[in-house]
Structures are given as structure tokens and as C-alpha cells.
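Here the structure comes first, spelled out in C-alpha cells, and everything after it is commentary.
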2 protein chains.
Amino acid sequence: MEQEQGREILRRLRLKVTPRRLEVMRCLGEEQAYLSAEEVWNRIRPVLGSIGLPTVYRILDELAEAQVVTRIFRSDRTQYYFLCPNQEHHHHFICESCRRVEDVDRCNLDGVAGEIARRSGGLVTSHILQINGVCGECSRLGEGGRGRDAA
Amino acid sequence: MEQEQGREILRRLRLKVTPRRLEVMRCLGEEQAYLSAEEVWNRIRPVLGSIGLPTVYRILDELAEAQVVTRIFRSDRTQYYFLCPNQEHHHHFICESCRRVEDVDRCNLDGVAGEIARRSGGLVTSHILQINGVCGECSRLGEGGRGRDAA
DNA sequence: TGTTTAAATGAAAGTTATTTTTGTTTATAC
DNA sequence: GTATAAACAAAAATAACTTTCATTTAAACA
């Protein structure tokens, strides 16, 4: 994520271009993986000198609202965030070992909305689809390998 | 959910058949909608005389682990639970207005695993798919209607 | 280039869903 | 019946966020 790209995204969202927002985006963009709010905070604090954790939460919420950042679901009741400037409708493949995220273009859910409408008259407005697994690199490291989240 | 069905499920899971577990299942089975742990607690306390909230959490976790109960994702960082004894692979359509849940059999994700394997060598182990919308009944109530969660 | 003003931020305190701990009770195998 | 491992209650603790309010700053405009 180039700084100019970050500026453009913020201008498009009618958000002020501030060093904190740019730095949150730069930090997330540097990873191909998802991070928690606190992890983002720890990485950008040294760069910015000082930033409050609530500010990080606010920025991530704004970006998630605007769908520049995707929320990742895990069962530890912590929210994780992944910068994904791809605005086409798509989904994500999440590595359970190293947290890497890959885009998945295929989305065969169009038929589902029709089925629901036909069967009970319901209306589909959105869906959550997250594909979990082990990425190619972690697979190749084999059973002996240990990912970022391994015990 | 008949009591005998609950007993069978617990025996299958090698869990002791206790009044609390049966009551949690009965309470959830009475609804076609999802509930939070605290909501379950408030409904079963009068019946059981007394039960601790941590016990409700433990029971729901066990049942979710065994996939007798499904976790429902919402953005309020509260976990919701839905009793779904249907053990076939399927997904859920969630009404944003009244919390009703319908099963959705269709799941076209088989192709996705192949795509990921081919492209980057990754291995898919699970996926989260939740379809959000407004159920037929709430749709028919029209704009003037107000669901359980409406302001 | 100043000035203005709404938006952004820091710091501290607050909230709340969920978990842990420890001592007691109970379902079940024998 | 009795032994024993599992279940449970109660209270306290944890941790991820959120709110509040006083201060600062980006950006529109004079």
C-alpha cells in the first residue's frame, strides 16, 4: 500500500488524511495476514511516537465500515483485520497456521438467495463466508512446521 | 426437542445427563431463533430454581463443540446460539429482524477447495457461511413492522 | 497565508461478555 | 449402596473493547 493510495482511499471516504490513518493502513498493507487491533497498535506506536488504542479501534472500524478492511472471525472473541483494497465481491481463505489471507473470487451463492425467496419469501441482504485451512507454504513445511499461532 | 432426544444426544457425546443440560437444550429447542447465553440463562433460571451463568456458557460450549448447537455471528461481539440437530452439512439463513433461523441445504463450496489447492497448494479444513437477511414473515409485515431487535 | 471549525485524538475511566478458580454436589459405573 | 470423575455454584478476575471529555489538528475559506 503506497501512501498515495492510502490518501486516495481516505479522500474517497471523506475522512481526513491524518498520519495515524495512513500509518494504520500502511501497517496492515505491509502484511498479507490479519492482525488484531492491539497488534496493529504495537507495530505503529514506535513509528508514530504515540497513539492511543481507542484511536486504532476507531480507525479500523471506519475502514471496516467502508469495506477497505475485512473483519476476520475466530473463536477467541477477538476481532482481526485484513486490508483488502479489492472492491470486487469476493471472499477469503485464511491460513490457520500463519494467518495469511488469500482472495477467493468464486462465490456460488447467487442461487441461494433465489432458493430462500422461493421457499419462504425471505430476502437475502448479505452473507459471511470465510474459508479456513492451511496455506500452501505452511502445508509444505509439513507436520514438523510450526506457524505463528502454533503452541 | 423431546426430553428423550436430548438424553440421546448427551449420551452420544459421552456427557452426563443432567437437568441443567436437558433444560438448556429444551429452551433452545423451543425457539426457531437464536439466543445469547444470558438470554438462555434468564429463561431457564425460573424452571431450574437456580443455575449459574458460567454453567450455561459451559453447556453451550460443549454443545457447540459437538455441533448440536451452531454459533451465530453478529457484530455486537456477543455469541448467539441456535439448536440445530440436523447433522447434515448445511448452513443458516438468519433473519436480522426477528432472529429466526432457517436451514439452507445448498452449499456450492466444493469447487473452492479445489481452486485453492490448485492455485497455491492450500488445504481447506472448514468454512463459515452465514446468510443474513429478512425472513418471509418479517418481509410481509412490511416497513411498518418491527422485529424483536428493532429500535 | 492566517483563521475558523468540525473532525480527530489522548488519557482515563467504564462496560460487559466471558473465563477462571476453588470448594461442593451429583450422575453413573461398579 | 458406594466410589469417583464429572458437574456445578459463587465470586472474583480477565480482556476486549467503548465512552467521555478536554485538547489538537486537517482543511475549507477569507
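Numbered from 1 within each chain, the chains take letters A, B, ... in sequence-line order.
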Check: What does B:S36 touch in the nucleic acid at a heavy-atom separation under 4.0 angstrom: a base, only the sugar-phosphate, or nothing?
Finding: nothing
Margin query: Distance check needed: C:dT9 P versus A:E23 CD, whole Å only.
Written below: 13 Å
Check: With a 4.0 Å cut-off on heavy atoms, is A:I51 in touch with a base, just the backbone sugar-phosphate, or nothing at all?
Finding: sugar-phosphate
Next item on the list: Quick one: label B:D61 by what it contacts on the DNA or RNA (base, sugar-phosphate, nothing), any heavy atom closer than 4.0 Å.
Entry: sugar-phosphate
Next item on the list: Give a yes or no on whether the backbone of B:F73 and the side-chain of B:Q130 come within a donor-acceptor separation of less than 3.5 Å.
Entry: yes
Next item on the list: May I have the distance from A:L48 (atom CG) to C:dG10 (atom P), rounded to whole angstrom?
Entry: 8 Å
Note to self: For the backbone of B:T55 and the side chain of B:R20, can you confirm whether one donor and one acceptor N or O come within less than 3.5 Å of each other?
What the structure shows: no
Note to self: What is the distance, to the nearest angstrom, from the CG atom on B:L22 to the P atom on D:dA7?
What the structure shows: 13 Å
Notebook entry, point to check: If you check every side-chain atom of B:P54, which of D:dC8, C:dT20, D:dC17 has the closest atom?
Noted result: C:dT20
Margin query: Less than 4.0 angstrom between a side-chain N/O of A:R77 and OP1 or OP2 of D:dA15, yes or no?
Written below: no
Checklist line | Side chain of B:K16 - closest among C:dA8, C:dT28, D:dA11 | finding: C:dT28
Next item on the list: For C:dT9, take OP1 and OP2 only and decide whether either is under 4.0 Å from a side-chain N or O of A:T18.
Entry: yes
Notebook entry, point to check: Is the backbone of B:S36 close enough, under 3.5 Å, to the side chain of B:E39 for a donor and an acceptor to pair up by distance?
Noted result: yes
Next item on the list: Whole angstrom is fine here: how far is it from CG in B:N42 over to P in C:dA17?
Entry: 11 Å
Margin query: If I take atom CG in residue B:L60 and atom P in nucleotide D:dA7, what distance separates them, rounded to the nearest angstrom?
Written below: 15 Å
Notebook entry, point to check: C:dT16 C1' sits how many Å from B:Y57 OH, rounded?
Noted result: 9 Å
Margin query: Both A:L15 and A:Y80 contact DNA chain D. Which one's nearest nucleotide lies toward the 5' end?
Written below: A:Y80
Next item on the list: Any chance you could measure B:D110, atom CG, to B:H89, atom NE2, to the nearest 0.5 Å?
Entry: 7.5 Å
Checklist line | Nearest-nucleotide comparison on DNA chain C, the residue closer to the 5′ end among B:P19 and B:R58 | finding: B:R58
Notebook entry, point to check: Once you round it to whole Å, what is the distance between C1' of C:dT9 and CD of A:E62?
Noted result: 11 Å
Next item on the list: Provide, to the nearest angstrom, the distance between the CG atom belonging to A:D76 and the P atom belonging to C:dT19.
Entry: 10 Å
Check: Between D:dC17, D:dA11, C:dT28, which nucleotide has the shortest distance from any of its atoms to the side chain of B:V17?
Finding: C:dT28
Check: Among D:dA7, C:dT18, C:dG10, which is the nearest nucleotide to the side chain of B:L53?
Finding: C:dT18
Note to self: Both B:Y81 and A:R20 contact DNA chain C. Taking the nearest nucleotide for each, which residue is further toward the 5' end?
What the structure shows: A:R20
Next item on the list: Give a yes or no answer on whether the side chain of B:R21 reaches the backbone of B:K16 with a donor-acceptor pair at less than 3.5 Å.
Entry: yes
